[in-house]
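Step one of this worksheet: look at the structure below.
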Amino acid sequence: RCDYKFGFYQDSANLLRKVVGAVPPPVEDDDKPFWRNPTVTHHFVTETINIAARKSGIQTSVKTKMGQRKAKIHHHIFRSYFNSRMRLASSETGDAMVGDSVFLNFIEGHTPPYAGAYDRFTDEYMVSLYKKAEKYLKLFV
């Protein structure tokens, strides 16, 4: 595994703040596509999605193969949507790297082949690819 890079634009941040209904965690700058603030943790995002799903009445639980109960609506279900939007952006912008499977797996926290020995992505490079896909990722136009 490698560290997640949470990609949130301001519209996503504002939506999360509305859902949580509390003082938002402080962020460096909402205009940056990556929140580097340690208060925006995996747990914060997971709980925010759970709260939103419960408030909207669509949250249910499912039984895992190990017999545990887990929330049906969780952060991993958005990965397919994210990947499809990035691939659409790739085809529309003509930049194959925007939808590259190694890049998409890296940004989702999966270890690239060969433990990333050959594929490393700097924040600046990821931001440049996000910028190309920005209009396909924004929640509101």
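No hydrogens, no waters, no symmetry mates; every other heavy atom, side chains included, goes into these values. These figures come from a predicted structure and were not determined experimentally.
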Going from [atom1] on [X] to [atom2] on [Y], what distance comes out if it is rounded to the nearest 0.5 angstrom?
X: K131; Y: T93; atom1: NZ; atom2: OG1; result: 15.0 Å
X: K132; Y: M97; atom1: NZ; atom2: CE; result: 9.5 Å
X: T60; Y: R69; atom1: OG1; atom2: CZ; result: 8.5 Å
X: L88; Y: E92; atom1: CG; atom2: CD; result: 4.5 Å
X: I73; Y: S56; atom1: CD1; atom2: OG; result: 8.0 Å
X: M86; Y: Y136; atom1: CE; atom2: OH; result: 11.5 Å

Non-hydrogen side-chain atoms of H74 and T46 separated by less than 4.5 Å: no
Side chain proximity check, R87 to L104, heavy atoms < 4.5 angstrom: yes
Check [X] against [Y] and note the closest heavy-atom contact, atom names and distance.
X: F78; Y: I49; answer: CE1-CD1, 3.7 Å
X: K72; Y: I77; answer: O-CG2, 4.0 Å
X: Q59; Y: R54; answer: CB-N, 3.7 Å

S80: partners by side chain to side chain contact (heavy atoms under 4.5 Å, CB included), with sequence neighbours left out: none
K65: side chain to side chain contact (heavy atoms under 4.5 Å, CB included) partners, not counting sequence neighbours: none
S90 side-chain N/O to D95 backbone N/O, donor-acceptor pair under 3.5 Å: yes
In one Ile/Leu/Val/Met/Phe/Trp/Tyr side-chain cluster, 4.5 Å: V102, M126: yes
F82 and Y130 aromatic ring geometry - parallel, tilted or perpendicular at 30°/60° bounds: tilted
